[in-house]
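Whatever order the structure lists them in is the order used to number ligands and atoms, beginning at 1. Nothing here was measured: the structure is a model prediction, and the numbers come from that model.
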Amino acid sequence: MVTGATGFIGSHLARSLADRGDEVHAITRPGSHHSVLGDERVTLHEHDGTTRHLVQIVADVQPGAAFHLASLFLAQHGPDDVEPLVRSNLLFGAQLLEALSSARVLYLVNAGTSWQHSRDGQYAPACLYAATKQAFEQLVDFYVLRDGLRATTLKLFDTYGPRDPRRKLIAALRDAARTGEALALSPGQQLIDLLHVDDVVRGFGMALERTAGLPEPRHERWALRGERHSLREIVAIFSRVIPTPVSFGSRPYRPGEIMVPWEADCDLPGWQPTIDLESGLRRLLAADADGGRT
Ligand SMILES: NC(=O)c1ccc[n+]([C@@H]2O[C@H](COP(=O)([O-])OP(=O)(O)OC[C@H]3O[C@@H](n4cnc5c(N)ncnc54)[C@H](OP(=O)(O)O)[C@@H]3O)[C@@H](O)[C@H]2O)c1
């Protein structure tokens, strides 16, 4: 069972599970963007928002394991964002944990974020989104202690790859390369870890194997780190693949900009990235040139 399967990473994960022959069930909600997933092999279950309904869905499906990737990401928030953040990142997750517990599903792989941590690994949420991700981990701990759940939280940094519906840096660079219009950027000294989505998906698969092999109830936390560069270096690598006009310093750093991300020393055991940034970007841009704006 996959939550967040209509999002960037979740859709890649759901397709990859279906590719290897797994029966995949996705929890969606009214208004979910099904086009990102676009795979008829994945059975969709539209959740009405209540705990009872999610308990019923999980009881009917009886999944062997769950991947929890549903989340609302906001780098900054205002008063109107508090409820959506808590609803997506805490309430929905709590409902899922309760439903897994009721159906005696023992294995969970959850997506966390590097933004929960300062450079040295302390808990230091960069924003309310990161605080809600931390709070969800605490809920997972409860179900581990009470119900014997085996869980792994994989903490992600920035990611990129095909079929990415998010309007983030790589999408903005692709647009600038295509239109020739200079992309306004900050001064560009901040460090960013970028990981190709195929490496992320492989990490989730390995995390499930590891979780299923845990001899006792436990909640493990690991990082999936990508290739770390300054924004300026990333633009230089991108421009080696396709010349891209940008204007550094045309906009300020974001309030609370993370200049040096978490220096995690807890990569998922046995996992390491296989796609270097330049090759990953070449692959992505070749697909664009091919006509498929993936
Ligand atoms: N991508 C990254 O670089 C990155 C970095 C750090 C951490 N992460 C974590 O990795 C996970 C996946 O990230 P992503 O970038 O793939 O996310 P994304 O593209 O923004 O997709 C978010 C997904 O969550 C679903 N969702 C949100 N609220 C929901 C709710 N209340 N009920 C049901 N579904 C809900 C969305 O469904 P709808 O279609 O209904 O909106 C969508 O499928 C998230 O947990 C995120 O925090 C990602």
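Side-chain contact of Thr153 with His219: a donor-acceptor pair under 3.5 Å is present, judged by distance alone. Judged by distance alone, the side chains of Asp19 and Ser16 never bring a donor and an acceptor atom under 3.5 Å apart. Residues Thr51 and Gln95 have side chains that bring a donor and an acceptor to within less than 3.5 angstrom of each other. In this model, no donor atom of one side chain and acceptor atom of the other lie less than 3.5 Å apart for Tyr129 and Gln76.
For atom 3 (O) of ligand 1, the nearest protein heavy atom (residue, atom name, distance) is Thr159 OG1, 2.7 Å. Protein heavy atom in closest approach to atom 23 (C) of ligand 1: Gly4 CA, 3.7 Å. Atom 16 (O) of ligand 1 has its closest protein heavy atom at Ile9 N, 2.7 Å. Here the protein heavy atom with the shortest distance to atom 30 (C) of ligand 1 is Arg29 NH1, 3.5 Å. Nearest protein neighbour of atom 15 (O) of ligand 1, counting heavy atoms only, is Arg166 CD, 3.5 Å.
Pairs of residues two or more places apart, or lying in two chains, that qualify as salt bridge (Lys or Arg N to Asp or Glu O under 4.0 Å) and include a residue from residues 114-131 are Arg119-Glu263.
Looking at His33 next to ligand 1, an N or O pair under 3.5 Å apart turns up. Checked against a 3.5 angstrom limit, the closest N/O atoms of Leu156 and ligand 1 fall outside it. The distance criterion of under 3.5 Å between nitrogen or oxygen atoms is not met by Lys168 with respect to ligand 1.
Residue-ligand proximity: Phe157 is placed with a non-hydrogen atom under 4.0 Å from ligand 1. At least one heavy atom of Gly112 sits closer than 4.0 Å to an atom of ligand 1.
Between Trp222 and Arg210, some side-chain heavy-atom pair lies under the 4.5 Å cut-off. Val2 has its side chain out of reach of His25: every pair of non-hydrogen atoms, C-beta onward, lies at least 4.5 Å apart. Put simply, the side chain of His68 reaches to within 4.5 Å of the side chain of Phe136, judged on heavy atoms.
Heavy-atom contacts of Leu69 reach the following atoms of ligand 1: 11 (C), 12 (C), 44 (C), 45 (O) (cutoff under 4.0 Å). The atoms of ligand 1 that sit less than 4.0 Å from any heavy atom of Ser88 are 27 (C), 28 (N), 29 (C), 30 (C), 31 (N). Atoms of ligand 1 lying under 4.0 Å from any heavy atom of Asp158, numbered from 1 in the order shown and given with element: 3 (O). Close approach of ligand 1 to Lys133 (heavy-atom distance below 4.0 Å) involves ligand atoms 44 (C), 45 (O), 46 (C), 47 (O). Counting the atoms of ligand 1 from 1 in the order shown, those under 4.0 Å from a heavy atom of Ala70 are 24 (O), 25 (C), 26 (N), 34 (N), 35 (C). The atoms of ligand 1 that sit less than 4.0 Å from any heavy atom of Ala111 are 9 (C), 10 (O), 11 (C), 45 (O). Short contacts between ligand 1 and Thr6, defined as distances under 4.0 Å to a heavy atom of the residue, involve ligand atoms 36 (C), 37 (O), 38 (P), 39 (O), 42 (C), 43 (O).
Counting heavy atoms closer than 4.0 Å to ligand 1, residue His68 contributes nothing at all.
Between Asp193 and Arg228, at least one side-chain nitrogen of the basic residue sits less than 4.0 Å from a carboxylate oxygen of the acidic one, meeting the salt-bridge criterion. Taking a cutoff of 4.0 Å between a charged side-chain nitrogen and a carboxylate oxygen, Arg15 and Asp39 do not qualify as a salt bridge. With respect to the salt-bridge test (charged N to carboxylate O, under 4.0 angstrom), the residues Glu137 and Arg221 qualify.
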Which atom pairs, one a donor and one an acceptor, fall under 3.5 Å between side chains of residues 4-13 and the rest of the protein, sequence neighbours left out?
unit_1, atom_1, unit_2, atom_2, d
Ser11, OG, Gly7, O, 2.7
Ser11, OG, Phe8, O, 2.9
His12, NE2, Pro162, O, 2.8

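Nearest residue to atom 46 (C) of ligand 1 from Tyr129, Phe92, Phe8 is Tyr129 (criterion: closest heavy atom). Among Gly7, Ala14, Ser71, Ala130, the residue whose heavy atom lies nearest to atom 24 (O) of ligand 1 is Ser71.
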